[in-house]
Amino acid sequence: MEKGESMLNWQRVLALLFVAFTLCSLTGCWDRRELEERISVVAIAVDNAEQTTSKAKYAISIQIPIPTRIAGGGEGGGGEGGASSVQVMTSTGLSLHHALDNLQKRLNQELFFGHVRILVVSEEVAREGVREIIDFFRRDPQVRRQMGFVITHDHAKDALKVFTNLEQVPAVYLMSIIESGGRRDFLPEISLGDFTVCLSTPFLDPMTYYSKIGDSDFSWNGLALFHKDKLVGTITERETWLLMHLTNQGSGGNILIQLKDHEKNKNNTLIINPGTVKTKTKLNVSDGHVKARYDVALEVDIRENNTTYQLSNLKQLQEVSDLIAEQLEREAKQLVHKLQKEYGVDALQLGLKLKAYHHKEWKKMVWEEIFPNAHIDIHYDVKIRRTGLQTVN
Amino acid sequence: MLTKPKTRPNHNKKQAPESKVITPRQSGSLVASTLLGVGVLTMSRTLAETVKEAAWLVTLLGGLVSLFFLLIIARLSFRFPLKSIASYSEEILGFKQGKNKQRRNWLGKILSFPIVLGFIMYWVLTVAITVRSFGEVVVSALLPTTPLEIIILTMLILGFILTCFEIEVVARVNELILPFIAVPLIIITLLALQEFKLEFFLPLWPDISLKDFCSGILLGTFSYIGYEVMTVFGGYTFVTKATLPITVIAFMAPVLIYTAVVILSIGVFGIYELNQLLWPTLELIKAIEVPGIILQRVESAFLAVWMAAVFTTSANLLYAASFLVKKVMARGSTFVYSLLFLPFIYWVSLIPQNVFTLFIWTEKVGYLALIFSGALPLFLYIVACVRKIGLSPAKQLDNTEANGEG
């Protein structure tokens, strides 16, 4: 149309110059780094440095996947997976990053932390405090909030050397234990981001996964509970599931119940699979005295029944569900007692509830001191929904 | 469609620029996209520092306070249809124009000069702060080895390119870009809902003093810097009672988005973690788990889109500033003046030594904003009403009809 008229000649020249300028200046990315030009770290493990070796505080191990060994379907050379598909390197330093920098000296390419999936810290280190370790992860923009954070009972480095044939990269295997477990409510979903949120919030106590490493495997073993940034205690997986019930985080895994046999007076096993959990929490605050009541409504399926109880008998079924409720209730109370008196860790996150719903009273109290003496009552209501395809027994 | 409305822009250069008209929707998107800018990345932290869990309330109230000022600016445009602040501040402060006598309004020129100069300086400063904040975010979170100067320069050059064009082009660009800014923000707030924890968000009213709350509202208004471009772009659109709803909606949409972002930031992190995050909104995006592993780094995708938001903010303000100079000088074109501003903006944007100095500067610019987008228009409006300058409310209604075709 009238395009030509409206645009003067010199404007055209100017536009052309701009196009030329942008073409020249935008040909590539300033920060471009080819994949092979950097070393992607997938897992970091933190141990205490052995006292004999210099003044170093931490011994840091990193796991680096070797791309050529992993790619290509793994039919051929890389197929055996295991040790050859990754490399584990260890270095020591006064801090986490210091150790990583020391490690960098031995590597031909730049370390890249954008793919770190999991941070493993040994219990020994965690008892002294993890704030120093986490600081780097909070500052680095490449690090993802969703990455995993695990405390190991043994040497953290060993976690990086757990080779299975199920996954080629051990870090991926560890992470998928956590991720898939979290997805099916087998364990609570906790990421490093969740941990740091609790760490920053003065009335919340952080917690994260606790694990044990065998000769050739890795197993999830409950939760590590922290006060501030120091590990103060651990709870078993069974206790973790009860905690999940209380905090409405999911159903948890199967629970083994021991029931007394009618005739022989010996314990027989019954395995329940919790379906849905609904927990109602009632909080009562008066004069700085906190009363909490948990009503857990649990729907379970029976997975295995080695007792003499006839589950098809309604009366006996009711009896069984009462016995289950009783046992869970007792154990949950023991757990709360442990949290209050032994660890002094508010893993129930009652403080958060107080802040939200009883703000005025909460402001007046020092929750740390109040929590161990809070009156916490727990009630389980168990309903057996399904007993499987068998009617006898 | 076939017969062009008279008020439609035509390409005749000789015509006075103020007779060109941008559509109400365009002027709405101008306001919305100008104020959606760098503020969104930090405001949840700055507000939570002062008013804790009430940050969302303060965001909303700050928005309403800003809306009040926007309405004042709109009312000024009612009185002086198709005029920008450079013209009407002259009329308001100068001699009253007689019916026929064309007296030279030297008094108005002298009195309005500091106001217009102040606006220009304030906008230039805002552009500098905006591009610097943008550069800081990009360097610290996305492109760690790219020099800050390059990022700032690229953004400024982009803004300069926009000033080479007519005002309707600016309006259309804004109209086009706005969905690209607003939609991702809305998606992010929706995705973040899954991480939302009610206990972090509550209580609705934390125990804070009234003084803190008021200063919180003040800080809340700072997030909405940019709507005062209406004092310039209002000169190109019939802001009347009929088009007012569009302006209000255009303003309230960002307010609601901002409020949602603050609500979610508090609900996901809690105020204590929020206080420790440099760019909380960016961190909020990082906390989101997008289903599937296709999108693992949503924050870089967001930053790429957000670049457009920063562009519209800085370019619109740069345009407004250069336009005012053009009006005062009564000659030249906007791109010449914006070219003169660029080195100055570049220099100013590099003065803050670090991001924390930058945050202090940002706050100070916020107070300037309160003067220029709040107090000054209010003052001008009151003077105009008292001196009965401009169209009286009865006559303003006539405009509604004229606008019917625009």
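Any value given below was found using the heavy atoms of this structure, including those in side chains, with hydrogens, waters and symmetry copies removed. In the text below, chain A, chain B and the rest are named by the order of the sequence lines, each starting its count at 1. In this text, all values refer to a predicted model and were calculated from it rather than measured experimentally.
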Subject >> Ring centre gap for B/W306 and B/F134 strictly below 6.0 Å >> reply: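 Ring centres of B/F134 and B/W306 closer than 6.0 Å.
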**OP:** Tell me, please, which residues at least two apart from B/E136 pass salt bridge (Lys or Arg N to Asp or Glu O under 4.0 Å).
**Re:**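 Residues passing salt bridge (Lys or Arg N to Asp or Glu O under 4.0 Å) with B/E136: B/R132.
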Original post:
Can you list the residues that meet the salt bridge (Lys or Arg N to Asp or Glu O under 4.0 Å) rule with A/D140, with sequence neighbours excluded?
Top reply: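 Salt bridge (Lys or Arg N to Asp or Glu O under 4.0 Å) list for A/D140, sorted by chain: empty.
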Part of [X] within contact of chain B (heavy atom distance under 4.5 Å):
X	answer
A/L354	neither
A/K353	both
A/T196	both

Original post:
Just checking, B/R45 and B/F269: is the charged tip under 6.0 Å from the six-membered ring centre and within 45° of the axis?
Top reply: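 No.
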**OP:** Identify whether NZ of Lys or CZ of Arg in A/R184 sits under 6.0 Å from the centre of the six-membered ring of A/F186 and within 45° of that ring's axis.
**Re:**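 Yes, A/R184 sits over the ring of A/F186.
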Original post:
Under 3.5 Å, is there a donor-acceptor pair between the side chain of A/T208 and the main chain of A/F149?
Top reply: yes
Contact part of [X] toward chain A, heavy-atom cut-off under 4.5 Å: side chain, backbone, both or neither?
X	answer
B/E283	both
B/I161	side chain
B/L278	neither

**OP:** Select, from A/K363, A/Q142, A/R145, the one with the greatest count of heavy-atom pairs under 4.5 Å involving chain B.
**Re:**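 Ranked by contacts with chain B, first place is A/R145.
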